[in-house]
Amino acid sequence: MPELPEVETIRRDLASRIVKDKVTQVEIRDTKTVKNTAGSFRTLVVGKKVEDIDRKGKLLALELDSGQYILVHLKMTGQLIWKSKHKIVAGGHSFSDSACNFSERFTRLVLTFSSGGKLYFNDMRRFGYVKVVTKEEKEKVFANNFGPEPLTKEFTPEAFGKLFAKRTTNIKALLLNQKLIAGLGNIYVDETLFAAGIRPTRRANTITKPEIAKLYLEINRIIALAIKHRGTTFYSFVDCEGEKGSFVHLLKVYDRAGEKCAKCGGMVAKTRVAGRGTHYCPKCQK
DNA sequence: GTGTTTGTTATCAA
DNA sequence: CTTGATAACAAACA
């Protein structure tokens with residue numbers, strides 16, 4: 001499940017590899033993945049150079065030298081894998097580094113670049129998508145669909161605190177809402193609530209000022225730490241070289257139901273909150 | 001065959 | 001208009 005730290009890892013790695021490179025070929029293997037018609041996607045992308053890669057929350061935006069953007073959302077099982085020229089064996093369907101777990105079984109789209117490298121969009125579940133949009137559309141999506149993002153100057157304690165005042169929804173649903181805070185998903189919501197000692201079921205307007213302050217700090221701390229560890233690999237997340245993220249080893253509650261709580265030695269519980277599997281310590285989290 | 005996994009949106013209700 | 005709650009989607013795996 002790529003959340004902010006995973007998508008940021010991909011953004012950084014991919015930018016160092018494909019910025020200033022030009023798309024020479026587009027291979028659409030699954031038309032559902034591409035939100036434009038196949039013909040227009042090809043026309044809008046082939047011959048264009050990637051100028052930069054932007055991101056908001058979990059959404060990537062590849063800026064083209066045409067001024068347009070390729071929006072890329074990985075949803076649950078999407079992957080962006082880069083194979084430079086020297087890693088591609090002639091024919092393009094097998095790779096010199098076969099030890100890595102790359103498979104084209106779920107490849108939905110392949111972009112070939114001037115450098116000879118190829119970018120693979122893999123997505124087992126087919127929730128993810130790519131979509132070419134104008135600069136105006138990209139800016140509208142970034143502005144309207146996302147609240148402030150952790151670790152940015154828009155994410156202030158004041159802005160964060162305001163979210164709680166009149167809301168009666170549970171804190172977990174609030175943190176998962178991308179329009180309120182950009183980038184958190186199921187894993188990091190469970191982890192930040194554990195770190196802050198708050199139960200996922202607590203109503204937002206019952207969270208105290210000190211708890212909000214603590215949660216604010218923990219969100220920034222955990223997201224920064226997870227980026228440093230190149231994200232969490234659960235099912236299918238890998239970076240653009242096919243490598244797993246190591247934050248999975250630092251998870252305190254996610255997928256640890258029945259194990260000992262790292263703080264109190266009690267047992268981590270699992271329930272369902274906001275329609276999602278939810279992990280927490282009944283003793284530490286009030 | 002069944003239940004489980006989750007990011008996002010549609011839909012309906014209040 | 002805002003907010004909230006829930007289902008639905010997709011597909012593989014145990």
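Just so it is clear, the values below take in all heavy atoms, side chains as well, and ignore hydrogens, waters and symmetry mates. Below, chains carry the letters A, B, ... as their sequence lines are ordered, and counting in each starts from 1.
Atom-to-atom, NZ of A:Lys75 to C1' of B:dT5 comes out at 15 Å; the value is rounded to the nearest Å. Distance CE (A:Met76) to P (C:dC9): 16 Å, rounded to an integer number of Å. What separates NZ of A:Lys172 from P of C:dG4 is a distance of 17 Å, to the nearest Å. One can place CG of A:Asp190 at 9 Å from P of B:dT6, the figure rounded to the nearest angstrom. Across the protein-nucleic acid pair, A:Met124 atom CE and C:dA14 atom P stand 11 Å apart, rounded to whole Å. The separation between A:Met1 atom CE and B:dT4 atom C1' is 12 Å, rounded to whole Å. Rounded to a whole Å, the CG atom of A:Leu174 is 17 Å from the C1' atom of B:dG7. Protein atom CZ of A:Arg272 is 16 Å distant from nucleotide atom P of C:dA5, rounded to whole Å.
Side-chain atoms of A:Arg125 come within donor-acceptor range of the base of B:dT5, with a qualifying N/O pair under 3.5 Å. Judged by atom type and distance alone, A:Arg276 reaches the base of B:dT8 through a side-chain donor-acceptor pair under 3.5 Å. Side chain A:Arg167 to base C:dG4: no donor-acceptor pair is found below 3.5 Å.
Judged by distance alone, the side chains of A:Lys172 and A:Asn186 do bring a donor and an acceptor atom under 3.5 Å apart. A donor-acceptor contact under 3.5 angstrom links the side chains of A:Asp123 and A:Thr77, judged on distance only.
Between B:dT8 and A:Lys58, a contact under 4.0 Å exists linking OP1 or OP2 to a side-chain N or O. Of the side-chain N and O atoms in A:Arg203, one or more sit less than 4.0 angstrom from OP1 or OP2 of C:dA5.
For A:Thr168, the listed nucleotide lying nearest its side chain is C:dG4; candidates were B:dG7, C:dG4, C:dA12. In the set C:dA11, C:dA5, B:dT4, C:dA5 carries the atom at the smallest distance from any side-chain atom of A:Thr169.
Geometrically, A:Lys56 does not engage A:Phe146 in a cation-pi contact, judged by NZ or CZ lying under 6.0 Å from the ring centre and within 45° of the ring axis.
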